[in-house]
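To keep things clear, I will list the structure first and then write my remarks on it.
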Protein chains: 2
Amino acid sequence: MTEVRWLDEREQRAWRSLMVMQDGLSEFLDRQLRTRCGLSDADYQVLAHLSEAPDGRLRPFALGGLLRWEKSRLSQHLGRMEKRDLVVRERCLTDQRGSVVVITGRGRELIEVAAPQHVADVRSAIIDLLTPAEMRTLEAVGDKVRARLEQLESGNPGIDPTE
Amino acid sequence: MTEVRWLDEREQRAWRSLMVMQDGLSEFLDRQLRTRCGLSDADYQVLAHLSEAPDGRLRPFALGGLLRWEKSRLSQHLGRMEKRDLVVRERCLTDQRGSVVVITGRGRELIEVAAPQHVADVRSAIIDLLTPAEMRTLEAVGDKVRARLEQLESGNPGIDPTE
DNA sequence: AGGCGGTGGTTCACATGTCAACCAACGGCT
DNA sequence: AGCCGTTGGTTGACATGTGAACCACCGCCT
């Protein structure tokens, strides 16, 4: 592996375009949520998962799994959300170590206002611009990349075709 | 606008797939850079732009434009990079308010080691998995979305087709 | 029973990003 | 020259993310 395969024109353009879209999208969606509902994107994700769970309650480790968050991040964030009365932590009855996160009434009200606006934003920023074919491609690419990342992160370096 | 157009199955899948890919990709690339070169993704972007600029020097506001960063973020980040001897700030001769950021020798060494590895990571995580058609689609979608975001952020709410 | 590695969670110190306030210099205008 | 709105940049207070250390409890094993 002596020489570097730089990105050619096409590859550059696709990559940059994707990155810029990425930044722009998350910045836009986060700002909309924040200014219109006082929720960060992180808050939204947490509330969304909780509101879909039975009784609006989840064990932190389960929530962490859904969000793919580090446990310390989750703990910190839940602490802040608890102060703002969006969630409460209760002791877990079946496991004395753990706790259960529960969405509050206020949390539920907020997510129910935020969700339709958020979906509308996602639609108007991207989904409604896509043809069915583009949608399929995005899904396929996303899945391929995720699978590849799991492979890479599990210590498999991938096969060098020149080998 | 009384009723909400939720995302249907296809739309959900495409959207989630994109978001997950997005998170996974940036996390992966950032971690690779960090562990292998001691550079964050932000550091990398800054050094990359500087190293491509004539004499490795840029006015902060120009750099900020390229990166699409808030000026305070840039200022804070440059401060940290200066402490690590990756860049230096010099007074600007033509504008007494401003300064010029210059990449240091060490900064240049680092980016020259990091760049090939970074490109290899980008390739192996995504670019090399894509067909030419997929690449074109990604570019097209990215461009559409960016254009749309600019429209949205310039106060244009978009047209409601039911109107 | 009692030892013990693994798990669920929290906490601390620290890196990073954001917003608003601030300051000095620029440059156009009279 | 002198005023004044704008621009380039920094700063401080604060919100958020990360990694490591820590703690209590679980559950298995003998």
Side-chain angles (χ1 to χ4, degrees), chain A residues 22-24 26-35 37-47 57-84 86-102 153, chain B residues 22-24 26-35 37-47 57-84 86-102 153:
Chain A
Q22 217 252 27
D23 282 7
S26 20
E27 209 255 326
F28 171 71
L29 293 175
D30 189 64
R31 186 168 311 284
Q32 293 293 336
L33 274 174
R34 218 177 268 280
T35 60
C37 314
L39 293 176
S40 68
D41 193 73
D43 299 329
Y44 182 86
Q45 308 289 345
V46 170
L47 293 180
R57 48 175 59 236
L58 277 175
R59 294 290 300 271
F61 80 96
L63 186 51
L66 292 170
L67 294 164
R68 298 158 179 261
W69 281 8
E70 307 228 343
K71 59 185 182 174
S72 81
R73 175 183 183 185
L74 182 58
S75 177
Q76 307 261 24
H77 204 90
L78 289 176
R80 275 167 273 162
M81 291 181 75
E82 199 167 14
K83 275 187 198 140
R84 294 193 288 145
L86 300 173
V87 300
V88 231
R89 275 187 268 215
E90 296 178 359
R91 294 207 63 72
C92 178
L93 302 177
T94 61
D95 184 339
Q96 290 307 106
R97 288 170 298 187
S99 52
V100 185
V101 197
V102 191
E153 272 155 22
Chain B
Q22 216 252 31
D23 282 7
S26 19
E27 209 257 324
F28 171 72
L29 294 175
D30 189 64
R31 184 168 314 281
Q32 292 293 338
L33 275 174
R34 217 178 269 281
T35 61
C37 313
L39 293 176
S40 68
D41 192 74
D43 299 331
Y44 182 85
Q45 308 290 344
V46 170
L47 293 180
R57 46 176 59 236
L58 278 175
R59 294 290 301 270
F61 79 96
L63 186 51
L66 292 170
L67 294 164
R68 298 158 181 262
W69 281 9
E70 308 229 342
K71 59 184 181 175
S72 79
R73 175 182 182 185
L74 182 57
S75 178
Q76 307 263 22
H77 204 90
L78 290 176
R80 274 168 268 155
M81 290 181 75
E82 199 166 15
K83 275 187 199 142
R84 293 193 290 144
L86 300 171
V87 300
V88 231
R89 276 186 268 216
E90 295 178 359
R91 294 209 63 72
C92 178
L93 302 177
T94 62
D95 183 339
Q96 291 307 109
R97 290 170 297 187
S99 52
V100 185
V101 197
V102 191
E153 271 155 22

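Note that the structure is a prediction, hence the values are computed from the model and not measured. The chains referred to below are lettered A, B, ... by the order of the sequence lines, with proteins before strands, and numbering in each begins at 1.
With sequence neighbours left out, the side-chain contact (heavy atoms from CB on, under 4.5 Å) criterion links B:Gln32 to B:Phe28, B:Arg36, B:Asp121. Qualifying salt bridge (charged side-chain N to carboxylate O under 4.0 Å, His left out) partners for A:Arg84, counting only residues two or more places apart in sequence or in other chains: A:Asp43. Shown here are the salt bridge (charged side-chain N to carboxylate O under 4.0 Å, His left out) partners of A:Arg34, two or more places apart in sequence or in another chain: A:Asp30. Applying the side-chain hydrogen bond (donor to acceptor under 3.5 Å, both in side chains) rule to A:Arg31 yields the partners A:Glu27; only residues at least two apart in sequence or on another chain are considered. Under the side-chain contact (heavy atoms from CB on, under 4.5 Å) criterion, B:Ser72 pairs with no residue, sequence neighbours left out.
The closest side-chain heavy-atom distance from B:Cys92 to B:Arg59 is below 4.5 Å. In this structure the side chain of B:His77 reaches within 4.5 angstrom of the side chain of B:Ser40, judged on heavy atoms. When side chains are defined from C-beta on, B:Val87 does not count as touching B:Val102, because their heavy atoms never get closer than 4.5 Å.
Residues in residues 87-99 of chain A take part in these side chain to side chain donor-acceptor pair (under 3.5 Å) pairs, two or more places apart or across chains: A:Arg57-A:Glu90, A:Glu82-A:Arg89, A:Asp95-A:Arg97.
A heavy-atom distance below 4.0 Å to DNA chain D is reached by these residues of residues 89-96 of chain B, ordered by number: B:Arg89. For the segment residues 60-67 of chain B, residues with any heavy atom less than 4.0 angstrom from an atom of DNA chain D are, sorted by number, B:Pro60, B:Phe61.
Atoms CG and OG, from A:Asp23 and B:Ser26 in turn, are 8.0 Å apart once rounded to the nearest 0.5 Å. How far OH of B:Tyr44 is from CG of B:Leu33: 7.0 Å, rounded to the nearest 0.5 Å.
Counting 5' to 3', DNA chain D first comes under 4.0 angstrom of a heavy atom of chain A and last does so at the ends given by D:dT16 to D:dC26. In summary, contact between chain A and DNA chain C, defined as any nucleotide atom under 4.0 Å from a heavy atom of the protein, begins and ends at C:dG6 to C:dC19 in the 5' to 3' direction.
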Apply side chain to side chain contact (heavy atoms under 4.5 Å, CB included) to residues A:Val101 and A:Val46 and explain how you reach the verdict. CA-CA 10 Å; A:Val101 197; A:Val46 170; 5.9 Å; no
Check the pair A:Leu39 / A:Leu86 against side chain to side chain contact (heavy atoms under 4.5 Å, CB included), numbers first and verdict last. CA-CA 10 Å; A:Leu39 293 176; A:Leu86 300 173; 4.2 Å; yes
Chi angles and distances behind the side chain to side chain contact (heavy atoms under 4.5 Å, CB included) call for B:Met81, B:Leu47: CA-CA 10 Å; B:Met81 290 181 75; B:Leu47 293 180; 3.7 Å; yes
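The nearest heavy atom of DNA chain C to A:Arg73 and to B:Arg73 marks one nucleotide each, and the one closer to the 5' end goes with A:Arg73. Map A:Arg97 and A:Arg31 each onto its nearest nucleotide of DNA chain C; the residue landing nearer the 5' end is A:Arg97.
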Check residues 63-70 of chain B and write down every donor-acceptor pair under 3.5 Å in which the side-chain atom is one partner and the other belongs to a residue at least two apart or another chain.
none

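Axis deviation across the helix from C:dA1-D:dT30 to C:dT30-D:dA1 amounts to 0°, comparing end segments of five pairs, rounded to 10 degrees.
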